> 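Before we start, here is the structure in question, set down as structure tokens.
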Amino acid sequence: MFDQIPPPFDLVGPLLSGAVVTIGVAAVSCILALAVAFVAGLARISRAFPVRAAAVAFVEFFRGTSLIVQLFWIFYVLPLFGLSTGPIETGVVLLGLHFGAYGSEIVRGTVLAVDRGQWDAATALNMSPGLTMRRIILPQAFVAMLPPFTNTAIELLKGTAIMSLIAVPELAAAGRTLVLNSGRTAEVFSLVLVLYFLIAYPLSRLVRAFESRQAAKSRGVQNA
Amino acid sequence: MTIDPTYVGEIFPILARAALVNVLAACVAFSLALVGGLFLVLARLSTVRVLRLLATGIIEFVRDTPFLIQLFFVFYVLPRYGITFGPLETGIVALGLHWSAYTSEVYRAGIASVPSGQWDAATALNLPASRTWGRIILPQAILPVLPTLGNYLIVMFKDTAILSTIAVSELLGVALGQASLSFRYVETLTLVAVLFLAMSLGASAVFRTVEGIMRPRELTRN
């Protein structure tokens, strides 16, 4: 069956296994990044100075240097300290930490944007800070977090391509191997770009849906 | 595992000079992105349907695909069609094109924030499109988005590290080359991170000062 597929598309087969790895790495990294974002974001607004300082240092480091620099640093330096993990584990952890740092700013921003009155009312009702955060603040902040989180998820997906530089067998790596084997550079890279676009498309539709909902909201009820 | 401070002193000048390539590449690519984004947003908001669809498609596609692959595409594929640049020029062009898609969205938000009365007034005064855009809309659209554009420049400083994958002699590439000779990865790569951090925090500080100076003027404009 496969020898009847017309020219550019016969290259899709070898790329698909890379695409699966990309989606898998991205999904797991997203979950890790979400966890890191909440921990670091809430730590960043803690009243305890050491906690806040640690969070700031963490966020500033991961936002102040690019993913590729962090990648090579982790890849070459950590083994010298005895910590050697496989490429995929390294990639997942790095993506989780890096985009968790960006996500933490989103968490921080949306939590701080919740009306001060909510905190006052919770205190008046004798709710502990933890309970307030869990039952009152975070649910309200979470709605605002979704659009920028989705954007960050798209960035994370694109970040998986950089993992190809440490031999993670994802889509970009599959593409480069295929270019070496087949010599059909333009077709392969075009297909790789299209595949990334297809994977990202559901997320980007989600972002555009969020954007239009925001626009509709700010146009006001009278236009409904 | 020892850290050699004298080695750090040795490679610092080499790395610092390589970092200048990153700064240069980022600044030139940023200028390209500022201009490219303007063309893209004008096409995106054009009344000509083909232009609008084409621009929207390009913007979506560039924003949803990894820059690394776009870079490889420009670097490996364009020479086959006779367009050959050196690695640095190719990298700058690719960076500029990629970020044009982002600046165009920023411009779009700025244009949307211009009060609709301005458009009505321009129509009432029978101004041609070029005057409307050039003298009324764009000056008001670009001012509020300058902070975001400044942020993009700072991100681009760091993004230039990817150019190491097409053998540009910028900071990361030079550092990896040095480290592969001396096997002193810790010192070299840590210095790379420190230099990028310095570029990023330094540029942020400069922008915040500029914003502080500009803000009083912004308040009196309204």
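Keep in mind that what you see is a predicted model, and the values were worked out from it rather than measured. Per chain, numbering begins at 1; letters A, B, ... match sequence-line order.
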> From A:F189 CZ over to B:Q70 CD, what is the distance, rounded to the nearest 0.5 angstrom?
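One gets 12.0 Å once the value is rounded to the nearest 0.5 Å.
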
> Given that the side chain runs from C-beta out, which part of B:L201 has a heavy atom under 4.5 Å from chain A: side chain, backbone, both or neither?
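Answer is side chain: those atoms of B:L201 sit under 4.5 Å from chain A.
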
> Dump the intermediate steps for side-chain contact (heavy atoms from CB on, under 4.5 Å) on A:T65 and B:S200, then the final yes or no.
CA-CA 8 Å; A:T65 54; B:S200 162; over 6 Å; no

> A:A172, A:A186, A:S164, A:G175: which one forms the most heavy-atom pairs within less than 4.5 Å of chain B?
A:A186

> Check each atom of B:T188 against the heavy atoms of chain A and say whether the ones under 4.5 Å are side chain, backbone, both or neither.
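Neither part, no heavy atoms under 4.5 Å.
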
> Mind telling me whether A:F197 and B:F61 have parallel, tilted or perpendicular rings, with 30° and 60° as the class edges?
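Plane angle between 30° and 60°, so tilted.
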
> Determine whether a donor-acceptor pair (N or O, by modelled atom type, separation under 3.5 Å) exists between the side chain of B:K158 and the backbone of A:V69.
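Not a single qualifying donor-acceptor pair exists.
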
> Locate the shortest heavy-atom distance separating A:L193 from B:T65; write the atom from each residue and the value.
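The pair with the smallest heavy-atom distance is O-CG2, 3.2 Å.
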
> When heavy-atom pairs shorter than 4.5 Å are enumerated against chain B, which of A:V194, A:V179, A:L67 gives the highest number?
A:V194

> Output the distance between atom CG (A:L71) and atom CG (B:L172), rounded to the nearest 0.5 Å.
9.5 Å

> Distance from B:D64 atom CG to A:Y196 atom OH, nearest 0.5 Å?
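B:D64 atom CG to A:Y196 atom OH measures 13.0 Å (nearest 0.5 Å).
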
> What part of B:S204 lies closer than 4.5 angstrom to a heavy atom of chain A: side chain, backbone, both or neither?
neither

> Under the ring-ring contact (aromatic ring centres under 6.0 Å, His included) rule, what do B:Y185 and A:Y76 come out as? Steps first, then yes or no, please.
CA-CA 6 Å; B:Y185 283 96; A:Y76 283 113; 4.2 Å; yes

> Between B:F72 and A:R176, is a side-chain contact (heavy atoms from CB on, under 4.5 Å) present by the stated rule, with each step listed?
CA-CA 9 Å; B:F72 286 153; A:R176 294 171 76 185; 3.6 Å; yes

> Around atom CZ of A:R205, are there more than 12 heavy atoms of other residues, nucleotides or ligands at under 6.0 Å?
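Counting neighbours around CZ of A:R205, 12 or fewer heavy atoms of other residues, nucleotides or ligands fall under 6.0 Å, so no.
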
> Donor-acceptor pairs under 3.5 angstrom involving side-chain atoms of residues 19-40 of chain A: please list them, not counting sequence neighbours.
from: A:T22; atom 1: OG1; to: A:G18; atom 2: O; distance (Å): 3.0
from: A:T22; atom 1: OG1; to: A:L171; atom 2: N; distance (Å): 2.9
from: A:S29; atom 1: OG; to: A:V25; atom 2: O; distance (Å): 2.6

> What is the minimum heavy-atom distance between B:A193 and A:F61, and which atoms define it?
CB-CE1, 4.4 Å

> How far apart are the closest heavy atoms of A:G183 and B:R80, and which atoms are they?
O-NH2, 3.2 Å

> About how many Å separate OG of A:S66 and CE of B:M156, when rounded to the nearest 0.5 Å?
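Between B:M156 CE and A:S66 OG, I get 13.0 Å after rounding to 0.5 Å.
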
> Which of the residues B:L78, B:V155, B:L68 is involved in the greatest number of heavy-atom pairs with chain A at under 4.5 angstrom?
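Of the options given, most contacts go to B:L68.
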
> Give me the contact list for residues 150-163 of chain A versus chain B, heavy atoms only, anything under 4.5 Å, ordered by residue number.
A:N151, A:I154, A:E155, A:K158, A:A161, A:I162

> Among B:L195, B:I154, B:T190, B:V192, which residue has the highest count of heavy-atom pairs closer than 4.5 Å to chain A?
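That would be B:T190.
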
> Enter the distance from A:I68:CD1 to B:F67:CZ here, rounded to the nearest 0.5 Å.
10.5 Å

> For the atom pair CD (A:Q70) and CG (B:L189), what is the distance rounded to the nearest 0.5 Å?
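Answer for the CD-CG pair, A:Q70 versus B:L189, is 12.0 Å.
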
